[in-house]
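One structure is given below, encoded as structure tokens.
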Amino acid sequence: MSTETDARISFPRTDTPLVCQAHPDWFAHEQTSLPAAQQDIDKAKRACSGCPIAAGCLKWALANPGPSRIGVWAATTPRERSILRRRLRARLGPDWIGVVAQADRDRARRRTAYQPAPEPSPLWSQPYQPWREELTPDQQQRNLQLLDLAQRTTRPRTRSEQTLGKAS
């Protein structure tokens with residue numbers, strides 16, 4: 001088997017310490033069907049479930065069967081990766097690696113094309129609540145005039161309002 005890697009899908013990188021770096025013995029097994037190896041394989045699969053680069057690791061392992069022919073990669077055994085490769089080939093065609101790589105490039109392009117909204121201006125950081133603002137003397141005067149006008153102006157009561165008034 002070839003040990004060259006497919007350059008279309010790069011190996012994911014992170015600054016986060018990974019379990020596979022701390023415990024490589026859990027992940028490197030040539031015979032994954034041996035009962036003695038099963039306990040480490042289960043530990044490795046559980047560790048992969050919380051890994052920040054598991055999706056990228058799986059893509060790389062699927063695209064590079066030579067270097068990833070043994071051990072656990074992204075919670076998959078060699079047999080599981082072989083099945084996944086066959087499914088990808090059937091679904092996406094013989095150049096499924098190119099299709100996946102192009103989808104990744106398109107996704108990255110869309111992600112960088114999206115510009116988040118700018119931070120709100122400090123002037124508008126608080127909701128506008130005019131009832132909490134101080135009234136100017138002119139506003140106070142106008143409000144008093146409107147109140148006086150409302151108190152002087154009375155509308156005649158309707159017959160139903162008169163009847164309700166008598167009942168109470």
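When reading the values below, keep in mind they use all heavy atoms of this one structure, side chains included, and skip hydrogens, waters and symmetry mates.
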What pairs of donor and acceptor atoms, side-chain ones from residues 138-146 against any protein atom, are under 3.5 angstrom apart with sequence neighbours left out?
from   : atom 1 : to     : atom 2 : distance (Å)
Gln139 : OE1    : Thr136 : N      : 2.9
Gln139 : OE1    : Thr136 : OG1    : 3.4

If you look at every heavy atom in [X] and [Y], which pair is closest and at what distance?
X     : Y     : answer
Pro24 : Gln21 : CD-O, 3.6 Å
Arg13 : Phe11 : NH1-CD2, 3.4 Å
Val19 : Trp26 : CG1-CZ3, 3.6 Å

Which residues satisfy the salt bridge (Lys or Arg N to Asp or Glu O under 4.0 Å) test with Asp25, sequence neighbours excluded?
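Applying salt bridge (Lys or Arg N to Asp or Glu O under 4.0 Å) to Asp25 gives none.
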With sequence neighbours left out, write down each residue that passes side-chain hydrogen bond (donor to acceptor under 3.5 Å, both in side chains) with [X], or none if nothing qualifies.
X      : result
Arg109 : Asp106
Arg86  : Ser82
Ser68  : none
Thr14  : Thr16

Which donor-acceptor pairs under 3.5 Å do side chains of residues 51-67 form with protein atoms, sequence neighbours excluded?
from  : atom 1 : to     : atom 2 : distance (Å)
Lys59 : NZ     : Asp104 : OD1    : 2.8
Lys59 : NZ     : Asp104 : OD2    : 3.1
Asn64 : OD1    : Asp6   : N      : 2.4
Asn64 : ND2    : Trp60  : O      : 2.9

Using the rule that Ile, Leu, Val, Met, Phe, Trp and Tyr join whenever any side-chain heavy atoms are under 4.5 Å apart, tell me whether Ile83 and Trp73 fall into a single cluster.
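Not linked; separate clusters.
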Restricting to pairs with a member in residues 37-51, which pass salt bridge (charged side-chain N to carboxylate O under 4.0 Å, His left out), not counting sequence neighbours?
Asp40-Lys43, Lys45-Glu80
Per-pair distances, 0.1 Å, donor-acceptor, side chain in residues 88-96, under 3.5 Å, sequence neighbours excluded:
from  : atom 1 : to    : atom 2 : distance (Å)
Asp95 : OD1    : Arg8  : NH1    : 2.7
Asp95 : OD1    : Gly98 : N      : 3.4

